[in-house]
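Have a look at the structure below, then the notes.
Per chain, numbering begins at 1; letters A, B, ... match sequence-line order. Note: hydrogens, waters and symmetry copies are ignored here, and every other heavy atom, side chains too, is used.
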Amino acid sequence: MPLDVQGTFVSQKINKIRWIPEDYVETKHFFTGSWDDEENSIKVWSFEFINEEEDVEYPRQLSEYKVDGDVTDIKFLDKKSIAVSVSSGDVRILEISAYDRQTPLKEVHTWKSLHNFSSEKCSCTALDTLEGDVASIGEDGNVNILNSRRGDITRSIKGADSCSLHAVCFIKLNEVITGNIRGHMKIWDTRSANDKPAAAFLLAGDDLAATCITRHPTQPHIILAGSESGSVAVWDLRMNQFPTSLLNAHAAGVTEMHFHPENPNKLLTSSVSGEIWDWNMDMLTKKGLEEYVPLEDKTTLNVTSLMPALHKAINSLHCDRGRILCGADNEAIYLIKNLKY
Amino acid sequence: MNFSSFSSSPTVATEAQTVKRVKTFALPDKCFEKRIGCAWRRGNQFGIYPRSQNVNKTTSDTASKTDDKILNIRQNIILFTPILRKLVNEANGTFLSVQKLVETSKSSDNQVEFLKLSRQYRSIIRVCIESLQEAAEKETDGLEKNTLLSYITIFYSIECIWHLCEILYIDIIPGEVVLPFLLEWVRFHFPCHEQTAAQLLEACERGSEDHPEYWDTVIGMVVQGRVDVARALLKLHSTADANEFKLVDNSLRSMPVYSVYGGISTGEFTISWKHWQAECRSKLSSGVLAQTPQLELIMRLMTGEYSAFESIRTKYSSWFDMLGGWLLFTAPWARRRELGAAGAACAALAAGAPASRASRLDVAVRALLEGDLHQLIHEIQQISDNGWFASHLTDMLYHCGKLQILDHQTDVTSRLRDSLILEYGSLLMEHKSLWSVGLSYLSFCQPEGPKRAELLLERLPIDTEAKAMRVIAEAKKYGLVDVAQSISAVMGARRLGAGGAAGAGGARGAGGARGAGAALAWGARARCRALCARAAHAALRAYCAERALPAADLLLSAGAALLIDDTLLLLGKYCDFHRLYKNREFRKAAKLLISLITSNIVPEYFWSTLLLDTLPLLETDEPVLSADDTYEIMLCLELRSTCLSAEKADLLRLALARNLARTALIDVDE
C-alpha cells in the first residue's frame, strides 16, 4: 500500500509528539507537547472516527496538562509514565492512567527550577531516560541524573559545559553523552566523582549546535548526532574523536532522529527545513571495525522522503510499526501510514 | 486587558461613514481622570498610564498604596482564536504554494494550477466554517456562542464571494458562457426549498399541492434553473393531466439549453431561444393560464418578466437567489463580463423589499458582477477578518493576471497587493506563535517586506536559546543575515549580563565565568568583535580574582573563532598555556608565554598575572627560558613595575637574575 499522509491542524506549535504504547493492540493514543505559544501544554489525543460515513480517523483531544513554558522534551520511563522537560527549568514525571486515558495526567515527581541561573530562569533543553534514570541538561551547562522511583537527584555535574547544552543521550546506565551549542560532545561517567568528562570530541568543525543524539538500538557503541546545520554524524565509540561518517543531510537543522523500533537498520529523521526522511542504514552500521565503506557505496545511501517538504519546521516524530506521527511548526500534526519496515 | 472589539458584523457601516468608524472607549479607572500618557508597544498595542503631577518622595512606600494603573490596550484579533489559527496556518501553506507556482513557471499558463489552489483556499474556508459550527453547537455560554455565530456569518460571506470570484475570474469556462456556473453558485450558497422538493419527490403522492409550500417550491426550482425537478413536482399536482399543466410542462421541456459543445453557434441558439420565448409569451397572452395564477406566474417568469420577479422577491432573503433565474430567462448566453446589467436588475428588485439597505455582501457581489475589482477589494477590506480575505484573494487575482487597478493612469496593482500582504504579515508577527507565518508573508513582498521583517524580528521577545536558534534559522532562510547576527549578539550579551549579576549576588566569579563561556559561543556565532572582547575581558578578570580559568573546554576547541578579537586570542592562548603547563610541557609553555608577553595585546590588569606566571618557569630544574627571553621579561617588568607590589617585583627580579645567571652562557635547547 502506498504511504498515506493525513494532517490535522491543532492550533499549537508541536515540539514533541509520542505514541502511547499499548500492550496487545495497535495504539490509538498519543502525547503532544507544545512550544512557543502564550500558553503551552501537554495533551493526550486519541484517533477516533468522527463522521460515521467516513473511513478516516481524526485525532480528538482527551486531556490537557498546562505547563509554564515550552515543552522541550518528552521521554518514556515505562509504558505509562513520562519524563517531561520544560523551558522554565523544571523536570516533571507524569503518569497516565492505563485504563482511562481521559483522566488528567498525574504528577509523580516535580523538580522545580532544576536548571537555573541562580534566581533567573534557565531552560531545561532536553532529557533522556534509561531504566528509570533520567538525565537532564540545561542552558546553564549542568547535567543532572535523577532517579524517577525515589524522586531524588543522584548526581549533578555542575558546569559540565561552559556553554548551553542542547542534546543528551544515555550510552549505558553509567555513561551519558551530551552535545552543546557549539557541537562539542562530551561523554560523562556518572560514577566518577570528579566533574571531568571521560571523553570529548567535536561534532563538526562549523561550531554549530548538536540538536539531537541517539544510540543504535542493537549496537550500543554506535552513536548518531544531528547538527543544527542539518548534517548527521555517526560515531563508533570504540574509536571516537572523529565521526566515522559525517553526512550532509537536511537543508537545515535536524530536529529529531529515531531508529525504527522493529527494524534497527531504519532511521527516521525530521528537520527544520520541513523534511521527514527514512534512511536505510545497512551500509553505515553493519560494518566491522576494520572495514571501510567504499566511497561509491557511501553515496548510494538509501534515503527516501516520507512526505512532501513542509514550509515550516518539523519538530518531532515518533513511530509505531508502520505509522509515524510528526508534529510541526505550522501548528499541525501529521500521521503517515503504511510505512514499510 | 482588552476591551476593544473591532469585529463588527460586516453588514454595518457603509461608505461615507468614515466618521462613524471612530470609536470611543471610556477608561475605567479614576487614576485616568486627570492627565494620561500613551506609548506604543510592539504591534497593535499601546499602553496608557496616568501622568500625575504630584511627585512622591517616598516612592517605595507609596508604590504599594497608589491606585495608579497601567492599561495595556490591544486590538482584538479574531484570527488569533484557536479555531481560526487553523485557518491561518493552513492558508499559509496554500499561499506559499501559490508563490512557488509563480516562481517556478513565470511564462507558461497556469490557469489549471491556480484554479486548484483557489479551490484549496475555498475548502480551507469550508473546513473553518464547519469547525466553527461544531464549536457553536457545543458552546453553552450565550456571549461566546454569539461571537462564534458572527464569525460563521463572516466566513459564509467570504466563501460566497470567493466562489463567485473564482467563477468569474479564475475558472476556465468554455466559451465564457457563465450561466451553468452561476446557477450552481446560487444553488450552493442559497439553497432554498431544496429540502421540501426532495421530501415531496420522495413521497411521490398525487395531490402534493396540499403541502403549504408546494407552489413556492415549484417556483423556487424554476428560478434556480432546476427545470427537471420543477416538472417532476408539477406532475404531482392532482390535476396534472389538465391542459394548462401540459402546456407549462411542454414549455419547460422545450426550453433550449446552450452548450458550447452542442454544435450550434451562439447566434443560432439565440434565435431558437428567442423563438421559444415568443411562443411562451403567446401562450401567456392567449389567457389559457388565467385560471391558475401560479402556473401563469411560472410562465411569466419564463418570459423574463420583471414584475414577475418582483412579485416573488419578498419570499427570498436576498436578491442573489434571483440572479440565476433572471439570467436564465433573460440572457442565457451572457458571458463573464456581461453580468453587470443582470446584477443591477436583480439588485433593484431588492429595493422594493422592506428594510433593505445594501449590505456589504450586496455591494461586493454587485462590484464583482460589474467587474469592478477595485470596488470589490475596497468592500472586502471592511470585512472584520483582520485582512485575511482581502490579502489572499488579492494575491490570487494578482498572480492570475486578472487584477488591474489604475490610479491616475498609473498601475498600482502590485502596490495594492503588496500593501495588503504586508499589513497581514505584520499583524501575524505580533503573535507569539504565528510570527513565523507572518514572516513568510513579508518575505514575498520585495523590497519592503524584508525590511519590515528585519525590524519586527529584532523586537520578538526571545526567552530561550531554542527559540533564538529557530528565529535565526528563519531569518537566514530569508536572507536576513543582519538580524541573525544581532540576535546572536543580544543572546550573548544577555548571558554575559546574567552571569555577571549572578556573580555579584553570591558565588562570585563562578556565575560570571559561566556566562562568559556562553557569551563567547554566541559572540562567535554573531562574529561580533565587541561582544567577544567583553566576554574575554570578563573571563580574564574572573581568572585574576578566582584563579580558575572559565570556559576552558570551549577555548581549547575554539580554533579559528579565536581570531575574532585580540583579547579573545590572548585568552585562548593563555588557556593553552595552562594546558601545556599542566601536561608538564614546560618548554612549549614557556615559549607561548613569552610570545604572549611580547605580543602587546595584554590588557593592563592582566600584566601582574602574566608576569608572575613566569616565576615557576624561571625556577625549573632544567632552564626553559633563554637569556633573550629573560631580557624580554625584565624589560616588561621594568616598564610595568607599578602593576606588581614591590615585594613581588623584587622576588621576580631575583628569579630573573638567577635564571639569567644560569642561561647567559648556554643556549636553551629548542
**Prompt:** Is there a side-chain contact (heavy atoms from CB on, under 4.5 Å) between A:Glu331 and B:Leu434 once you walk through the steps?
**Reply:** CA-CA 9 Å; A:Glu331 305 191 343; B:Leu434 295 174; 3.6 Å; yes
**Item:** Heavy-atom proximity to chain A below 4.5 Å, by part of B:Lys477
**Value:** side chain
**Prompt:** Considering only heavy atoms, which portion of A:Ala209 lies under 4.5 Å from any heavy atom of chain B: side chain, backbone, both, or neither?
**Reply:** both
**Item:** Evaluation steps, side-chain contact (heavy atoms from CB on, under 4.5 Å), between A:Leu208 and B:Arg525
**Value:** CA-CA 8 Å; A:Leu208 287 173; B:Arg525 275 176 175 240; 3.9 Å; yes
**Complete:** Between the OG atom in A:Ser87 and the CD atom in B:Glu465, the distance rounded to the nearest 0.5 Å is 12.0 Å
**Prompt:** Contact part of B:Ala558 toward chain A, heavy-atom cut-off under 4.5 Å: side chain, backbone, both or neither?
**Reply:** both
**Asked** Ion pair present between B:Arg85 and A:Asp37, side-chain N to carboxylate O less than 4.0 angstrom?
**Response** yes
**Asked** Hey, what do you get for CD1 (B:Ile83) to CZ (A:Phe9), rounding to the nearest 0.5 Å?
**Response** 15.0 Å
**Message:** Does either side chain, that of A:Asp36 or that of B:Ser433, offer a donor lying less than 3.5 Å from an acceptor on the other one?
**Reply:** no
**Prompt:** Where does A:Asn315 contact chain B at under 4.5 Å (heavy atoms): side chain, backbone, both or neither?
**Reply:** side chain
**Prompt:** In Å and rounded to the nearest 0.5 Å, what is the CH2 to CZ distance from B:Trp522 to A:Arg182?
**Reply:** 13.0 Å
**Item:** B:Lys432 and A:Glu39 ion-paired at < 4.0 Å
**Value:** no
**Prompt:** Of the backbone (N, CA, C, O) and the side chain (C-beta and beyond), which part of A:His311 lies under 4.5 Å from a heavy atom of chain B, both, or neither?
**Reply:** both
**Prompt:** In terms of heavy-atom proximity below 4.5 Å to chain A, should B:Ser440 be classed as side chain, backbone, both, or neither?
**Reply:** side chain
**Asked** Rounded to the nearest 0.5 Å, how far does NZ of A:Lys312 lie from CG of B:Leu96?
**Response** 5.5 Å
**Region of A:Ser229 in contact with chain B, defined by heavy-atom distances below 4.5 Å** = neither
**Request:** May I ask you to say whether B:Lys467 pairs ionically with A:Asp70, meaning some side-chain N is under 4.0 Å from a carboxylate O?
**Result:** no
**Prompt:** Do you know which of B:Ala521, B:Ala561, B:Ser557 has the most heavy-atom pairs under 4.5 Å to chain A?
**Reply:** B:Ser557
**Message:** Do A:Ser164 and B:Arg495 make a side-chain contact, defined as non-hydrogen atoms from C-beta onward lying under 4.5 Å apart?
**Reply:** yes
**Prompt:** Which answer fits A:Thr125, side chain, backbone, both or neither, if we ask what part of it has an atom under 4.5 Å from a heavy atom of chain B?
**Reply:** neither
**Prompt:** Is it the side chain or the backbone of A:Lys186 that comes within 4.5 Å of chain B heavy atoms, both, or neither?
**Reply:** side chain
**Prompt:** Atom SG in A:Cys163, atom CG in B:Asp553: separation rounded to 0.5 Å?
**Reply:** 6.5 Å
**Item:** Euclidean distance, B:Ile472 CD1 relative to A:Glu228 CD, rounded to 0.5 Å
**Value:** 7.5 Å
**Prompt:** Ion pair present between A:Asp329 and B:Arg470, side-chain N to carboxylate O less than 4.0 angstrom?
**Reply:** yes
